[in-house]
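As a basis for the values below, the full set of heavy atoms in this structure was taken, side chains included, without hydrogen atoms, waters or symmetry mates. Computed from a predicted model, the values in this text were never measured in an experiment.
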Amino acid sequence: MAKEKKGVRLEHISKIYQDPKTKKNFYAVKDTSLEIKPGSFVTLLGPSGCGKTTTLRMIAGFESPDEGEIYLGDEPINELTPNKRDTAMVFQSYALLPHYNIFDNVAYGLKIRKIPADEIKRRVTNILKLVGLEGMESRMTNQMSGGQQQRVALARALVLEPGVLLFDEPLSNLDAKLRVTMRTEIRRIQQEAGITAIYVTHDQSEAMALSDCIIIMEKGVVSQMGTPQEIYYHPKNKFVADFIGDANFLEGKMTKHEGNIGIVDIRGTKVKVADASDIAVGDATTVVLRPESTQLRDEGYFPVKVVVSSFMGAYQLYHVMFGDTKLIIHEYNPKGKKIYNMGDIAYIGFEPGSAHCI
């Protein structure tokens with residue numbers, strides 16, 4: 001589909017804005033360096049104000065970096081206007097032309113580029129087939145569902161055959177069920193087209209489902225970059241652990257190492273944690289436990305009191321108190337297992353490989 005798979009490289013990029021109230025300058029993005037591989041699907045993830053959209057807009061050319069250089073492939077693109085960059089963007093609002101039918105909406109960018117009519121027809125027909133809108137060329141966009149309009153917006157970007165496809169929270173206007181369907185379609189289309197994609201969202205489930213690589217941003221800087229599995233199972237700090245999925249945090253101190261197993265003292269109880277070699281003996285550490293990796297047992301590491309016990313179908317949801325610390329536990333496939341009720345005293349259990357030290 002794409003004429004050439006291109007990567008994106010950011011070298012020490014910064015964007016500075018002025019606060020309208022205080023008139024003081026602040027960094028929306030600060031000294032960020034990234035390398036996005038050709039053909040990969042990369043998501044910029046983080047809360048509002050973290051700098052992810054500003055980063056995307058600098059790649060697209062709608063904002064200019066105050067410091068640093070952006071490369072598309074091996075070409076520096078800071079000085080290029082958006083229309084001169086080998087990129088195309090799918091917007092949150094779709095930005096379709098309401099008085100045009102589907103074919104003319106998708107063909108619009110090609111006509112601006114003065115592509116021959118027969119080539120336009122061939123490319124638009126192929127793209128509409130790819131996005132599942134074949135045979136709907138004459139339908140007006142205001143007669144379409146939100147999901148269909150999103151497909152038109154995607155087709156309009158893809159038909160330009162850009163080196164890099166950019167997404168600015170494209171599913172935020174859809175209902176929850178349709179979002180799941182469309183994110184699956186976006187991933188399928190991206191893989192089939194073989195195009196480099198950079199996707200902005202604050203939705204962690206979207207990021208996990210779509211991405212080869214997730215870049216988590218906080219306050220204008222990159223907190224962690226890695227595969228969904230790396231980000232989820234090996235977060236580098238509390239912010240990342242808490243932002244991706246649910247997490248329980250237990251404060252302790254590393255007491256010894258046994259091979260690749262660390263022994264952590266948590267309020268007088270010794271627990272085993274795998275892959276903790278980077279935490280020195282005597283150092284304070286935080287043990288991260290995912291709810292689905294933790295169980296309630298009649299015997300275990302330390303006692304807790306059950307304060308919530310709810311059947312959720314696929315899992316039994318527990319909230320338990322370990323002293324003044326609340327922990328969340330998801331006991332999956334609870335049928336046939338012992339169910340603990342509110343007020344019960346039980347024990348926490350987990351395997352060393354299920355815990356992670358930060």
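Formation of a donor-acceptor pair under 3.5 Å by the Glu67 side chain with backbone atoms of Asp31 is not found in this model. The backbone N or O of Ile59 sits less than 3.5 Å from a side-chain atom of Arg85, completing a donor-acceptor pair. A distance-only check finds a donor-acceptor pair linking the side chain of Glu230 to the backbone of Thr227 [under 3.5 Å]. At least one donor-acceptor pair under 3.5 Å links the side chain of Asn105 to the backbone N or O of Tyr100. Counting only distance, with no hydrogens or angles, the side chain of Gln204 and the backbone of Ile244 share no donor-acceptor pair below 3.5 Å. The backbone N or O of Val200 lies less than 3.5 Å from no partner atom in the side chain of Glu169, so there is not a single donor-acceptor pair. A distance-only check finds no donor-acceptor pair linking the side chain of Arg151 to the backbone of Glu185 [under 3.5 Å]. No donor-acceptor distance shorter than 3.5 angstrom exists from the side chain of Lys305 to the backbone of Asp344, with no hydrogens or angles considered.
Put simply, the side chain of Gln316 does not reach to within 4.5 Å of the side chain of Leu296, judged on heavy atoms. Put simply, the side chain of Arg290 does not reach to within 4.5 Å of the side chain of Ser354, judged on heavy atoms. Residues Glu137 and Asn101 fail the side-chain proximity criterion, which asks for heavy atoms closer than 4.5 Å. The shortest distance between side-chain heavy atoms of Phe249 and Val288 falls below 4.5 Å. Residues Met144 and Met136 are in side-chain contact: their nearest non-hydrogen atoms beyond the backbone lie under 4.5 Å apart. With contacts defined as side-chain heavy-atom distances shorter than 4.5 Å, the pair Asp168/Leu166 does not qualify. Using a 4.5 Å heavy-atom threshold, the side chains of Leu34 and Ile13 count as separate.
Here Ile263 sits in one hydrophobic cluster together with Ile261; the rule is ILVMFWY side chains under 4.5 Å apart, joined directly or through other members. Hydrophobic clustering, defined by side-chain heavy atoms of Ile, Leu, Val, Met, Phe, Trp and Tyr closer than 4.5 Å, leaves Ile345 isolated from every other such residue.
Atom OG1 of Thr141 is separated from atom CD of Gln149 by 6.0 Å, given to the nearest 0.5 angstrom. The distance from atom CZ of Phe103 to atom CG of Leu133, rounded to the nearest 0.5 Å, is 13.5 Å. Note that the CD1 atom of Ile279 and the OG1 atom of Thr285 stand 4.0 Å from one another [nearest 0.5 Å]. Atom CG in Leu174 sits 9.5 Å away from atom OG1 in Thr181 (nearest 0.5 Å). Gln191 CD to Ile186 CD1: the interatomic distance, rounded to the nearest 0.5 Å, is 12.5 Å. Taken from CD1 in Ile198 to SG in Cys213, the straight-line distance is 10.5 Å, to the nearest 0.5 Å.
Across all non-hydrogen atoms, the minimal contact from Ala155 to Ile127 is CB-CG2, 3.2 Å. The shortest heavy-atom contact between Ala157 and Met89 is CB-O, 4.3 Å. Heavy atoms only, all atoms of each residue included: Arg183 and Glu206 are closest at NH1-N, 3.9 Å. Nearest heavy atom pair, residue Cys357 against residue Val264, reads SG-CG2, 4.0 Å.
The neighbour count for Glu79 CD, taken as heavy atoms of other residues, nucleotides or ligands under 6.0 Å away, does not exceed 12. The environment of Tyr233 atom OH is sparse: at most 12 non-hydrogen atoms of other residues, nucleotides or ligands sit within 6.0 angstrom. Atom CE of Met140 has more than 12 neighbouring heavy atoms from other residues, nucleotides or ligands inside a 6.0 Å radius.
Tyr347 is linked by a ring pair (Phe, Tyr, Trp, His ring centres under 6.0 Å) to nothing, counting only residues two or more places apart in sequence or in another chain. When the ring pair (Phe, Tyr, Trp, His ring centres under 6.0 Å) test is applied to Phe350, the partners found at least two apart in sequence or on another chain are Tyr301. In terms of the ring pair (Phe, Tyr, Trp, His ring centres under 6.0 Å) criterion, residue partners of His234 (sequence neighbours excluded) are, by chain and number, His356.
Listed by first then second residue, pairs satisfying ring pair (Phe, Tyr, Trp, His ring centres under 6.0 Å) with a partner in residues 60-86 number zero, not counting sequence neighbours. Within the structure, the ring pair (Phe, Tyr, Trp, His ring centres under 6.0 Å) test picks out the following pairs touching residues 312-345 (sequence neighbours left out): Phe302-Phe322, Tyr315-His330, Tyr315-Tyr332. Listed by first then second residue, pairs satisfying salt bridge (Lys or Arg N to Asp or Glu O under 4.0 Å) with a partner in residues 262-272 read Asp265-Lys270, Arg267-Asp324, not counting sequence neighbours. The ring pair (Phe, Tyr, Trp, His ring centres under 6.0 Å) analysis of residues 167-210, with sequence neighbours excluded, yields the pairs Phe41-Tyr199, Phe167-Tyr199. Within the structure, every pair that satisfies the side-chain hydrogen bond (donor to acceptor under 3.5 Å, both in side chains) test and touches residues 108-120, not counting sequence neighbours, is listed here: Asp104-Lys111, Glu119-Arg122. Residues in residues 36-61 take part in these side-chain hydrogen bond (donor to acceptor under 3.5 Å, both in side chains) pairs, two or more places apart or across chains: Thr43-Ser211. Sorted by first and then second residue, the side-chain hydrogen bond (donor to acceptor under 3.5 Å, both in side chains) pairs with a member in residues 243-253 read Lys238-Glu251, Glu251-Thr286; sequence neighbours excluded.
Glu351 and Ser293 share no side-chain donor-acceptor pair at under 3.5 Å. Side chains of Thr201 and Asp203: a donor-acceptor N/O pair is absent below 3.5 angstrom, by distance only. Between the side chains of Gln190 and Arg187, a donor-acceptor pair is found at a separation under 3.5 Å.
Among Thr87, Asp74, Asp86, Thr196, the one residue that satisfies the side-chain hydrogen bond (donor to acceptor under 3.5 Å, both in side chains) test with Lys6 is Asp86.
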